[in-house]
A.B. asks: 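I am attaching a structure below and will ask some questions about it afterwards.
Proteins come first, then strands; the chains are lettered A, B, ... in the order of their sequence lines, and each starts at number 1.
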2 protein chains.
Amino acid sequence: MAQAQTLSRNQQIVLDIIEKAKSPLKAYSILFNVQKKGINAPQQIYRALDKLIEMGKIHKIESKNAFVACRSSDCEISKATAFSICESCEMVDEISDTKLSKYLSNFSDKKGTKFKRFNLEFFGLCKKCKIETK
Amino acid sequence: MAQAQTLSRNQQIVLDIIEKAKSPLKAYSILFNVQKKGINAPQQIYRALDKLIEMGKIHKIESKNAFVACRSSDCEISKATAFSICESCEMVDEISDTKLSKYLSNFSDKKGTKFKRFNLEFFGLCKKCKIETK
DNA sequence: TCATAATATGTTATAATATAACAAAGTGTT
DNA sequence: AACACTTTGTTATATTATAACATATTATGA
């Protein structure tokens, strides 16, 4: 099990760089950015990413194979994640909307099956890009 | 623009194999399955997949990098897709639930932004696997 | 009908993303 | 100190996806 608190050296390095970024980072771009800190191999990045995801510190944007820091408190350990993704500037925002989250967490399909986890990705233009394309 | 009707040879081959499959297919597994039909290169598969997605004939399961045939009529040209994914047997079902679809299509975030497209992936155990693990 | 634009194909090469497997070092118990 | 457990470092390789270029096929309109 992942402990609540302490991050290992590599985990901290990877988390720091993801938290500082304004948009989702890809694994190899993280790698190139931390080679000066002595991390040389993709494995080291992917291992850190896996743990950080487990801990709920970061999320993977599946449609982009990229990673963002968790800014929400709703998404209890990555069980319920929602993002808006700008198709123009690629910006990603985490959506934390209690109503939405509850609606989806309680959703059951036609067979009555409930699910323990979901990931939702919305696509459109962010406010900035909408104005610019006018 | 994608035409409404006709599929090209390669598109038809790729669609056929995806439609026959019971679970999502990966690009390279499609490739291996159609080499006897004279398709030799990944490009040929990815090009067909891209067009089929445009036409709404298939969907990509982003969390699995795999492709399924569209079984729904709700998801007008892939603008609104939802799937349930079994974490045990990897089975994927397309969810076509008008209420869910409307709810999400009308969703707007805290800034009032609406989105023109979404993809939702639920994870859990399918009925079959739930019984087996009891 | 023929020219021309658009779409689809075939092919080689390579980029980008991710995991396997193994050896060693560090950390936290009891 | 002995033990389990996690993390690290490293090399190699698997998997997923695109670039770039040449050719063929198929609309479509003048």
A.B. asks: Hey, does the side chain of Glu94(B) reach the backbone of Thr81(B) with a donor-acceptor pair shorter than 3.5 angstrom?
C.D. replies: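 Here the side-chain-to-backbone pair does not exist.
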
A.B. asks: Counting only N and O atoms by type, is there a donor-acceptor contact under 3.5 Å from the side chain of Lys79(B) to the main-chain atoms of Lys116(B)?
C.D. replies: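 Side chain of Lys79(B) to backbone of Lys116(B): no pair is present.
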
A.B. asks: Measuring to OP1 and OP2 of dT6(D), would you say a side-chain N or O of Ser8(A) lies under 4.0 angstrom away?
C.D. replies: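 No, because none of the side-chain N or O atoms of Ser8(A) sits under 4.0 Å from OP1 or OP2 of dT6(D).
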
A.B. asks: How long is the line joining CD of Gln12(B) and P of dT9(C), in whole Å?
C.D. replies: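 After rounding, the gap between these two atoms is 11 Å.
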
A.B. asks: Should Lys51(B) be listed as having a side-chain N or O under 4.0 Å from OP1 or OP2 of dT7(C)?
C.D. replies: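 No.
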
A.B. asks: Determine whether a donor-acceptor pair (N or O, by modelled atom type, separation under 3.5 Å) exists between the side chain of Ser105(A) and the backbone of Ser101(A).
C.D. replies: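 It does hold such a pair.
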
A.B. asks: Rounded at 0.5 Å granularity, tell me how far CD1 in Ile61(B) sits from NZ in Lys26(B).
C.D. replies: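 Result: 11.5 Å between the selected atoms.
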
A.B. asks: How would nucleotides 11-21 of chain D be written as a contact map, 5' to 3', with B for base contact, S for sugar-phosphate-only contact and - for no contact, using protein heavy atoms under 4.0 Å?
C.D. replies: B----BBBBB-

A.B. asks: Within the 4.0 Å heavy-atom criterion, would you say Gln44(A) contacts the bases, only the backbone, or no part of the nucleic acid?
C.D. replies: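 Base: the residue Gln44(A), judged by heavy atoms under 4.0 Å, touches a nucleobase.
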
A.B. asks: Without hydrogens or angle criteria, can the side chains of Gln35(A) and Asn33(A) be said to hold a donor-acceptor pair below 3.5 Å?
C.D. replies: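 Per modelled atom types, Gln35(A) and Asn33(A) side chains form no pair under 3.5 Å.
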
A.B. asks: Check the side chains of Ser63(B) and Glu121(B) for a donor-acceptor pair under 3.5 angstrom, ignoring hydrogens and angles.
C.D. replies: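 Yes, side-chain donor-acceptor contact under 3.5 Å.
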
A.B. asks: Could you give the CG-to-P distance, from Asn10(B) to dT26(D), as a whole number of Å?
C.D. replies: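 Rounded to the whole Å, the gap is 12 Å.
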
A.B. asks: Measure the distance from CD1 on Ile45(A) to C1' on dT19(C) and round it to the nearest whole Å.
C.D. replies: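 Those two atoms, CD1 and C1', are 15 Å apart.
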
A.B. asks: Using five base pairs at each end to define the local axes, how bent is the helix from dT1(C)-dA30(D) to dT30(C)-dA1(D), to the nearest 10°?
C.D. replies: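 Inter-axis angle at the termini of the helix from dT1(C)-dA30(D) to dT30(C)-dA1(D): 40°.
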
A.B. asks: Gln11(B) has an atom CD; how far is it from atom P of dT7(C), in whole Å?
C.D. replies: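 Going from CD in Gln11(B) over to P in dT7(C) covers 12 Å.
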
A.B. asks: CZ of Arg9(B) versus C1' of dT7(C): gap in Å, rounded?
C.D. replies: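 These atoms are roughly 16 Å apart.
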
A.B. asks: Rounded to the Å, how far apart are Asn40(A) CG and dA24(C) P?
C.D. replies: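 Going from CG in Asn40(A) over to P in dA24(C) covers 18 Å.
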
A.B. asks: Below 30° counts as parallel, above 60° as perpendicular, anything between as tilted: where do the rings of Phe115(B) and Phe107(B) land?
C.D. replies: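 Because their plane-to-plane angle is under 30°, the rings of Phe115(B) and Phe107(B) count as parallel.
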
A.B. asks: Roughly how many Å is it from CD1 in Ile39(A) to P in dT8(D), rounded to a whole number?
C.D. replies: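 Those two atoms, CD1 and P, are 8 Å apart.
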
A.B. asks: Quick one: Met55(B) CE to dT7(C) C1', roughly how many Å, whole number?
C.D. replies: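 From Met55(B) CE to dT7(C) C1': 10 Å.
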
A.B. asks: Checking Asn40(B) against Gln44(B): is there a side-chain donor and acceptor pair closer than 3.5 Å?
C.D. replies: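 No, Asn40(B) and Gln44(B) have no side-chain donor paired with an acceptor closer than 3.5 Å.
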
A.B. asks: For Lys102(B), does the NZ atom have more than 12 heavy-atom neighbours from other residues, nucleotides or ligands under 6.0 Å away?
C.D. replies: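 Count not over threshold, so no.
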
